[in-house]
Amino acid sequence: MTSFTPPIHGSNPHLPFGDQQDSPFYGQDILSVKQFDRAKLEYIFGVAHEMYEMVARVGSFDLLKGKILANLFYEPSTRTSSSFTSAMERLGGSVIPINNVSYSSVTKGESLPDTVRTLEAYADVIVLRHPEIGSSALAAKYAKKPVINAGDGAGEHPTQALLDLFTIHEELGRVDGLTVTMMGDLKYGRTVHSLSRLLTLYDVKLNYVAPEMLRMPAEIKAEIGAKGLPQAAYESLEPVIGETDVLYVTRVQKERFEDPSKHEELKGSYVVTTETMAKAKDEMIVMHPLPRVWEIDMAVDDDPRAAYFRQMEYGLYIRMALLAMVLGKA
Ligand code: ASP
Ligand code: CP
């Protein structure tokens, strides 16, 4: 008996006509910043820059015409979800938006592997945000199509770290030699976990400013220490504001607290104000992955060093670059 090969599944779903198989990240998952080296980052930043120029010149174009992205979000999002949607649509593709899983069959008890297997039947790439650490790796284990981690609990947020690094690169013109001060919820903040790891590829100094309850996890500090990066922890910004080139502020991740009263205790424990900015260098930037709650006073927004709104725009170009790369078109 000859074995039966189903007509569709017998072909390689990763090799549609016209794709560039030698494109970096073609068909790959983006799960952790540990996947990148400096050469790959330079390549991504180069493509992101081209995306910026194309958007400025023509707005939208047909690089990913016919491709479909499934945007699967088990946690709230404004920027990541809408910038991936915008990125796909500006590249001529389309999006299946599952921004509220309570209206999907997840509510009926469908597992993450089955949900992902369903979506990949209809889409070419899956962007996943989920409250559990390791969820994207689990999804990627079951999916044949690329999975992009859009935040897995307190684990990682690799595309945010890429856009953060791109922001530093574009705004200050270099990364090597900088002092980066991370302030806020360093314990549960996945963006600082990813960014600090990514910065080990550069020659930077890292300062951590956090209340005792929200310190950078020891295992991440050990990873960074093993790469030889100088790092120091403080409970106040005062001693390091004057030497800081990048002040990266984060929100207290209240959704990760088992005891909500602890979150209340921390509310307002660190705030960037115009007085803070008066002590900072003339050439430095303030970043924040957003959403901001109370950590940066709105009066700081008019300071040209406040880069957080520009930062989220850089995210569009980085996500356009990533989609083009994983789909073999860059
Ligand atoms: N938006 C970022 C995240 O999803 C940061 C935050 O929510 O505070 O990790
Ligand atoms: N920075 C970020 O991930 O924002 P959202 O949570 O709004 O997606």
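In each ligand, atom 1 is the first atom listed, and ligand 1 is the first ligand listed.
The distance from ligand 1 to the heavy atoms of Pro291 drops below 4.0 Å at these ligand atoms: 1 (N), 6 (C), 7 (O). The contact set between ligand 1 and Arg251, taken as ligand atoms under 4.0 Å from a residue heavy atom, comprises 6 (C), 7 (O), 8 (O). The contact set between ligand 1 and Arg129, taken as ligand atoms under 4.0 Å from a residue heavy atom, comprises 4 (O).
Pairing each heavy atom of Tyr202 with each of Leu229, the nearest pair is O-CD1, 3.3 Å.
With salt bridges taken as basic N to acidic carboxylate O contacts below 4.0 Å, one links Glu156 and Arg197. Using a 4.0 Å cut-off between a side-chain N of Lys or Arg and a carboxylate O of Asp or Glu, Asp176 and Arg174 do not qualify as a salt bridge.
In this structure, atom 5 (C) of ligand 1 lies nearest to the protein heavy atom Leu290 O, 3.6 Å.
The shortest separation from a heavy atom of Arg129 to ligand 2 is under 4.0 Å, placing the residue in contact. Not a single heavy atom of Thr80 sits under 4.0 Å from any atom of ligand 1.
By the criterion of a heavy-atom distance under 4.0 Å, neither the backbone nor the side chain of Met312 is placed next to ligand 2. With a heavy-atom cut-off of 4.0 Å, Thr191 touches ligand 1 through its side chain alone.
Rounding to the nearest 0.5 Å places CD of Glu264 at 10.5 Å from CG of Asp259.
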